[in-house]
Number of protein chains: 2
Amino acid sequence: MASDHTRTAILAAAERLYADRGFGDVTLRDIVAEANVNLAAVNYHFGSKDELIAELFVTRSIATNRERLRELKAAEEQGGGRAPIEVILHALVGPTLRGCLGPENQRSTAARFMIRASIESVPPIRRIKNREIDHLRKFAGAMRRSLPDRSDIDIYWGLNFALAMAHHTIRESERLTKLSEGKCDLDDVEDVVARVVSVATMALTAGRTEAKAPSRLAAR
Amino acid sequence: MASDHTRTAILAAAERLYADRGFGDVTLRDIVAEANVNLAAVNYHFGSKDELIAELFVTRSIATNRERLRELKAAEEQGGGRAPIEVILHALVGPTLRGCLGPENQRSTAARFMIRASIESVPPIRRIKNREIDHLRKFAGAMRRSLPDRSDIDIYWGLNFALAMAHHTIRESERLTKLSEGKCDLDDVEDVVARVVSVATMALTAGRTEAKAPSRLAAR
DNA sequence: GATAGTTTCATACAACTGTTTGAATTGCAA
DNA sequence: TTGCAATTCAAACAGTTGTATGAAACTATC
């Protein structure tokens, strides 16, 4: 019951501050000042600072994961249980990239928070990330169904590289912009997604079939 | 002058502790206890905690960078100013991967420290990383010479993806092992390097020439 | 062996952290 | 209104942090 107003205000303020300044130098006192609530409110409503961070991260994580699985499921249903590998990879990296890149001024606080979380990775967040493996396994399964002639090893490496490119591009987007002197346009999110998916697809299909047609050809 | 013994002991102890437990929860008191020196010694010899961390990181960084440039230069000289793209990529990701992967028990403290630095990225380290762009530009230059028909945009994206795969694999090596149930062997460093180089090469040469022969064919 | 410069040491300091406390206030039901 | 629970609040707490101090111990030079 109750208005929940304080709770909400703390969550919003914390997300904003963490997104802007990182976990390292944002204190509870900064948060409650920004939220215009009393210092003790954080411990009253959340138990501890770590639980506050965890709640923020979990909320955003399950939103992203749900989005990913929604795309994946739709693709597999349409393909009769077997989706093209590009579509699977698109479902894997699309939601994250779409959430975390794009014009900075229209990037949501939630997105900027998740970028921070991927850069700094404080203990409470690291604990949660470890539980993400089950979620990734679902994608590995879909990839195996899509490319039944590829070994598990190759599947996992492909999955790893796809996530690598997506996350690294998010983490180091500033550096890539500076390095390329603006030539790499990170605001064109769909182009970034297409590049990541394309390379990951090549990684998974090289020396086997054409990149375009995931097939069930010869075994290794 | 002087024996430098204290200085050295502090550096060694700090590197070991940071590598094992992360920057977050290693205090100066932990370090001086491990090094068997007085608390004030850190400030006396290094000025501040941040300067100690910075010194550790720059030492290791320039070692890695020197190694990378050595490989790159040798390759370009042998190729008469133009090295095959695979060899350039090998010089880019090889030293880091070789330093940070491999059987855990024979992984150097320096390597484990650098992994930490890439995961946690505290302020003094972040400041130094920003100066790494000049170093990367040298590789971009070599890649451009190797693939003169590719646009700068593609070069930078290829560079970005190569670093992405290498660093992410290091950062998340534990997770990949767990996810693949040990099927992906991260101790076989040369296999990992080959995989990263192979995928990055494909990314840079796809739709242009065969992956094997970096050539000077038709323009885009 | 006295002197000057460097290095070590125990200790204190000042600031900041997340958390707790217990009293005041609020909101709502009877 | 009365009573009771939920919430807010100011204040203090307990712990830790990096840093500074000034005296002691050492080292090498003359």
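Scope of the values below: all heavy atoms of this structure, side chains included, with no hydrogens, waters or symmetry mates. So that the names make sense, note that chain A is the first sequence line, chain B the second, and so on, each numbered from 1.
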Subject >> Terminal helix-axis angle for the helix from C:dG1-D:dC30 to C:dA30-D:dT1, with five pairs defining each axis and rounding to 10 degrees >> reply: 0°

Subject >> Atom of B:Ile155, atom of B:Ala140 and distance for their closest heavy-atom approach >> reply: CG2-O, 3.9 Å

Distance, rounded to the nearest Å, where [X] contributes [atom1] and [N] contributes [atom2]:
X: B:Ile10; N: C:dC9; atom1: CD1; atom2: C1'; value: 13 Å
X: A:Phe23; N: C:dT17; atom1: CZ; atom2: P; value: 16 Å
X: B:Asn43; N: D:dT19; atom1: CG; atom2: P; value: 5 Å
X: A:Phe46; N: C:dT19; atom1: CZ; atom2: P; value: 13 Å
X: B:Asp4; N: D:dT27; atom1: CG; atom2: P; value: 15 Å
X: B:Ile53; N: D:dG18; atom1: CD1; atom2: P; value: 9 Å
X: B:Leu28; N: C:dA10; atom1: CG; atom2: C1'; value: 16 Å
X: B:Leu39; N: D:dG18; atom1: CG; atom2: P; value: 9 Å

Of the listed nucleotides [options], the one nearest the side chain of [X]:
X: A:Asn38; options: D:dT8, C:dT8, C:dT17; answer: D:dT8
X: A:Arg29; options: D:dT19, D:dC9, C:dT19; answer: C:dT19
X: A:Ser48; options: D:dT19, C:dT19, D:dC9; answer: C:dT19
X: A:Thr6; options: D:dA11, D:dT8, C:dT11; answer: D:dT8
X: A:Lys49; options: D:dC9, C:dT19, C:dT8; answer: C:dT19

Original post:
Which part of the nucleic acid does B:Ala41 contact within heavy-atom distance under 4.0 Å: base, sugar-phosphate only, or nothing?
Top reply: nothing

Original post:
Which residue lies toward the 5' end of DNA chain C, A:Thr27 or A:Tyr44, if each is placed at its nearest nucleotide?
Top reply: A:Thr27

Original post:
Do B:Ser48 and B:Glu51 get their side chains close enough for a donor-acceptor pair, meaning under 3.5 Å?
Top reply: yes

Subject >> A:Ser146 side-chain N/O to A:Ile85 backbone N/O, donor-acceptor pair under 3.5 Å >> reply: yes

Using a strict threshold of under 4.0 Å (side-chain N to carboxylate O), is an ion pair present between [Y] and [X]?
X: B:Glu132; Y: B:Arg68; answer: yes
X: B:Asp154; Y: A:Arg195; answer: yes
X: A:Arg116; Y: A:Asp20; answer: no

Original post:
What do you reckon, are the aromatic ring centroids of B:Phe113 and B:Phe23 less than 6.0 Å apart?
Top reply: yes

Subject >> Side-chain N,O (B:His45) to OP1/OP2 (C:dT8) below 4.0 Å >> reply: yes

